[in-house]
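What follows is a short report on a single structure.
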Amino acid sequence: MEAENKVTEAAESMNFLEKIIEDDLAAGRVPDGVVVTRFPPEPNGYLHIGHIKSICINFGLAQKYRGRCHLRLDDTNPAKEDVEYIDSIKRDIKWMGFDWGIHEYYASDYYDQLYEIAVRLIKEGKAYVDSLTPEQVKEYRGTLTQPGKNSPDRERPIEENLRLFEEMRQGKHPEGRYLLRAKLDMASPNINMRDPALYRIKFESHPRTGNKWCIYPMYDFTHPISDAIEGITHSICTLEFEDHRPAYDWATSIDGIEHAPHQYEFARLNINYFVMSKRKLLQLVKLGLVDGWDDPRMPTISGIRRRGYSPESMRDFVKRVGVAKVESVVDFSLLEFCVREDLNKRARRVMVVLDPIKLVIDNYPEGKTEMVEADNNPEDENAGKRLVPFSRELYIEREDFAVNPPKGYHRLYIGNEIRLKHAYYVTATSYETDADGNVTLVHCTYDPESRGGASADGRKVKGTSHWVSVHDAISAEIRQYDKLFSAEDPGAKTGNYLDDLNPDSLKVVTCAKLESSLRDARPGEYLQFMRSGYYMADSKDSRPDHLVFNRTVTLKDSWEKMKQKMGLK
RNA sequence: UGGGAUGUAGUGUAAUGGUAACACUGCAGAUUCUGGUUCUGCCUUUGGGGGUUCGAAUCCCUCCAUCCCAGCCA
């Protein structure tokens, strides 16, 4: 009940985009009252957590106002784009739980219309074919502080422009020879308005249009017109496009374009200890520093999925981050909080001993195995129970026994009684060590009256350990991931983000002992290894005969601090 | 040094002229068959300076800081 109230309260607080939409709706500025947004990725790479924010905003807004959100692949640069990316983008959006229905569009769908509009602009004297070289174009553009100057071709006769543009389309001119430009204002303080390029020549085969075109429209021309064609009401993008808004408004006000959508900008998502730029992510992959785009340490959606983050937790994260225009850096701990909060409710609890030592119960019958009942999830009464084999010889966590227990240590030590989770109370009696003095085995006795983990006389113990029966244990490879970078802002100090790579971002545990129910673990199932963290079987490498688990996130760990206080570390 | 934007606890986000708040983090404590969860409490905030006003995070002026823009990328 209380949780519901909180949600309601949070929903009452609107972000600036919601305010704009509600104002527009109230003022009747939205045709038929149907809000139409779009998510427009360029298919030139894998989607990452930054895109998750955009996906949630665009699809979320459409959902909230009962409108629709289009998926539009912004495929106007065939040199950089690939179908491989289109497939991954669609898969990732679906995984996030959003659906564009029939509204799957491509900027390339509009090439014919775009071409016609360009021709019309030429006819109206509003666009011209420029023969300046790329270097000259740059030179003529001026600088941030100095105005540009007009190209000598700016006053080229309309007929000649028409002929040249047609020849460009027919492939009669090499790349870079000509450029179709809008005739705006070379002296504009906004560089984007200094006669922006509309079309460039590119002899590049397109994934969808093949070799039909050898001229391709530029973003500033394509995007606003695509929005207009699709009837987008609110075109939402990131802050760096603010300077392009005048160009956007120019394009949507071209004669003959009926519908004039508006562009709004929000701050992109930044998270400390992460790099988000496609260039850097690509470099990490190419240098082999990670195991591909879907490495569980990568901030890509495919990496996040493989690591075991849930889409629900990602949506919650975006909601908590909020939407604003301030450039900000969200704390990684918020992400982890959201993941833990969601997984706590749904992850099946299992017992896994990561760093085992043997525990022998001297007064427990040899050769006997009994099944103890264990909750699958104490947070979910519908999760049911399972039976776990218990016997005389068990594995427990090395950390759960101390020869010289410091004050505050309430795990196993000689003379101390603890509970074996779901099973019995045991009291340590002696231990054995190897030549180096490392504990190899602990002897204990158990209280047969404490079956199920509670004693008949009601006495309490302070510690509870998880365990795995030696005879029934299975093995697996466990990959414990940590931050990929050890600096909040990778590269801030040295200028090279690779200098801040965390050398310990992956630790592989091979000696772990797992309860036998994990034999059937499959990718997609959320697991909690009790007292350790959340884990998921690896979708790439885990096989029935060689199980591999990825650590999604550790449990919140106050034990680490405790250890420091006690001088154990 | 042109243009565009943005400054609210450590972090993120609310409050649009009327008692500055929520979440995360951190720190205490309680509960607990996970040193998890849950619960309670605490810490810390309007970039600076002026002005308008009974009253300013909010309006005005000014200064400062930060981010974005000079692709035939998106």
Side-chain angles (χ1 to χ4, degrees), chain A residues 6 9-10 12-15 40-42 44 74-77 79-81 107 130 132-134 137-139 141-148 175-181 188-194 196-202 215-216 218-220 222-223 237-246 265 267 272 278 320-338 340-341 344-345 349 351 374-375 378-379 408-411 419-423 452-454 460-466 528-533 554-563:
Chain A
K6 275 179 191 169
E9 277 170 34
E12 280 170 13
S13 161
M14 280 190 286
N15 65 50
E42 182 188 12
N44 69 343
D74 228 338
D75 57 349
T76 55
N77 188 356
K80 289 187 174 179
E81 297 150 9
D130 199 350
L132 252 29
T133 65
V137 167
K138 185 180 166 123
E139 187 193 324
R141 184 157 34 228
T143 69
L144 293 177
T145 52
Q146 290 169 325
E175 290 187 14
R177 178 71 183 85
Y178 289 116
L179 192 62
L180 184 73
R181 295 230 255 169
S188 170
N190 181 346
I191 285 194
N192 298 301
M193 297 300 276
R194 320 239 259 235
L198 264 23
Y199 268 92
R200 77 285 214 189
I201 299 170
K202 247 182 216 295
I215 55 172
Y216 291 95
M218 300 289 290
Y219 170 88
D220 275 334
T222 311
H223 203 91
C237 61
T238 44
L239 246 30
E240 68 266 27
F241 291 101
E242 268 175 327
D243 288 344
H244 292 255
R245 199 184 328 133
E265 309 87 10
N272 55 10
K278 264 178 196 168
R320 286 172 187 267
V321 163
V323 183
K325 296 190 70 139
V326 199
E327 286 281 359
S328 57
V329 181
V330 176
D331 222 288
F332 180 66
S333 62
L334 181 64
L335 215 204
E336 292 203 312
F337 167 81
C338 294
R340 288 189 187 109
E341 185 173 67
N344 176 48
K345 286 180 288 188
R349 270 61 169 174
M351 294 195 284
D375 277 331
E379 306 292 320
Y409 186 91
H410 46 251
R411 302 183 178 192
R419 169 173 35 241
L420 294 177
K421 180 81 185 173
H422 307 303
K460 304 266 187 192
V461 289
K462 281 188 173 169
T464 300
S465 282
H466 58 280
Q528 184 195 95
F529 290 5
M530 295 198 75
R531 304 208 295 145
S532 169
T554 63
L555 252 30
K556 194 173 158 194
D557 194 1
S558 53
W559 170 239
E560 276 298 320
K561 285 168 212 155
M562 195 65 192
K563 275 201 289 194

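Throughout, protein chains are lettered first and strands after them, A, B, ... in sequence-line order, and every chain is numbered starting at 1.
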Any side-chain N or O of S328(A) under 4.0 Å from OP1/OP2 of U13(B)?
yes

Base, sugar-phosphate or nothing for H422(A)? Non-hydrogen atoms, less than 4.0 Å.
base

Pairing partner (Watson-Crick or G-U wobble, both distances under 3.5 angstrom) of A56(B)
none

Closest to the M530(A) side chain: G12(B), G36(B), U34(B)?
U34(B)

Separation of U8(B) atom C1' from K325(A) atom NZ, nearest Å, is 18 Å

Cation over ring face, R531(A) and W559(A), 6.0 Å, 45°:
no

What is the pairing partner of G35(B), taking Watson-Crick or G-U wobble pairs with both distances under 3.5 Å in any strand?
none

Nearest to the side chain of S13(A) - A14(B), U1(B), U34(B)?
A14(B)

How is P378(A) classified with respect to the nucleic acid when contacts are heavy atoms under 4.0 Å: base, sugar-phosphate, or nothing?
base

May I ask you to decide whether E341(A) forms a salt bridge with R320(A), counting only side-chain N to carboxylate O separations under 4.0 Å?
yes

Do T76(A) and Y216(A) touch side chain to side chain, with heavy atoms closer than 4.5 Å?
no

So, is K561(A) near the phosphate of C27(B), with a side-chain N or O under 4.0 Å from OP1 or OP2?
yes

Hey, what's the ring geometry for H244(A) with Y219(A), parallel, tilted or perpendicular (30° and 60° as the breaks)?
perpendicular

Looking at G36(B), does its base get a donor-acceptor pair with the side chain of E379(A) below 3.5 Å?
yes

Syn or anti for G71(B), with syn set at within 90° of 0?
syn

Have a look at K421(A) and say if it touches a base, only the backbone sugar-phosphate, or nothing, with a 4.0 Å heavy-atom cut-off.
base

Would you say that more than 12 heavy atoms from the other residues, nucleotides or ligands in this model lie under 6.0 Å from the NZ of K138(A), or not?
no

Is there side-chain contact between R200(A) and N77(A), with at least one heavy-atom pair below 4.5 Å?
yes

For G2(B), give the paired nucleotide (Watson-Crick: N1-N3 plus N6-O4 or O6-N4; G-U: N1-O2 and O6-N3; both under 3.5 Å), or none.
C69(B)

Taking C-beta and beyond as the side chain, do L198(A) and M218(A) meet within less than 4.5 Å on heavy atoms?
no

Base, sugar-phosphate, or nothing: which does R411(A) touch, judged by heavy atoms less than 4.0 Å apart?
base

Under 3.5 Å for both donor-acceptor distances, Watson-Crick or wobble: does C22(B) have a partner, and if so which one?
G12(B)

Using a 4.0 Å heavy-atom cut-off across all strands, classify R349(A) as base, sugar-phosphate, or nothing.
base

Check whether the aromatic ring of H223(A) stacks on the base of A74(B), taking stacking as ring centres less than 5.5 Å apart and planes within 30° of each other.
no

By nearest atom, which of the nucleotides U34(B), G7(B), C24(B) is closest to the Q528(A) side chain?
U34(B)

Would one find a side-chain N or O of R531(A) under 4.0 angstrom from OP1 or OP2 of G35(B)?
yes

Over all heavy atoms of both residues, which pair between K325(A) and L239(A) is shortest? Give the atoms and the distance, please.
O-CD2, 3.2 Å

For a quick check of understanding: with a heavy-atom distance under 4.0 Å over all strands, which category does G408(A) fall into, base, sugar-phosphate or nothing?
base

Quick one: which of U13(B), U34(B), U25(B) gets closest to the side chain of S333(A)?
U25(B)

How would you label the contact of V323(A) with the nucleic acid (heavy atoms, under 4.0 Å): base, sugar-phosphate, or nothing?
sugar-phosphate

For nucleotides 68-73 of chain B, read 5' to 3', which letter fits each nucleotide if B means a protein heavy atom sits under 4.0 Å from the base, S means only the sugar-phosphate is that close, and - means neither?
BBBSBB

For RNA chain B, whose closest nucleotide is more 5', that of A267(A) or that of N344(A)?
A267(A)

Compare the minimum distances between each of G12(B), U34(B), A23(B) and the side chain of R320(A), then state the nucleotide with the smallest one.
A23(B)

Applying the 3.5 Å cut-off to both distances, the Watson-Crick or G-U partner of G7(B) turns out to be C64(B)

Does any non-hydrogen side-chain atom of L144(A) lie less than 4.5 Å from one of I191(A)?
yes

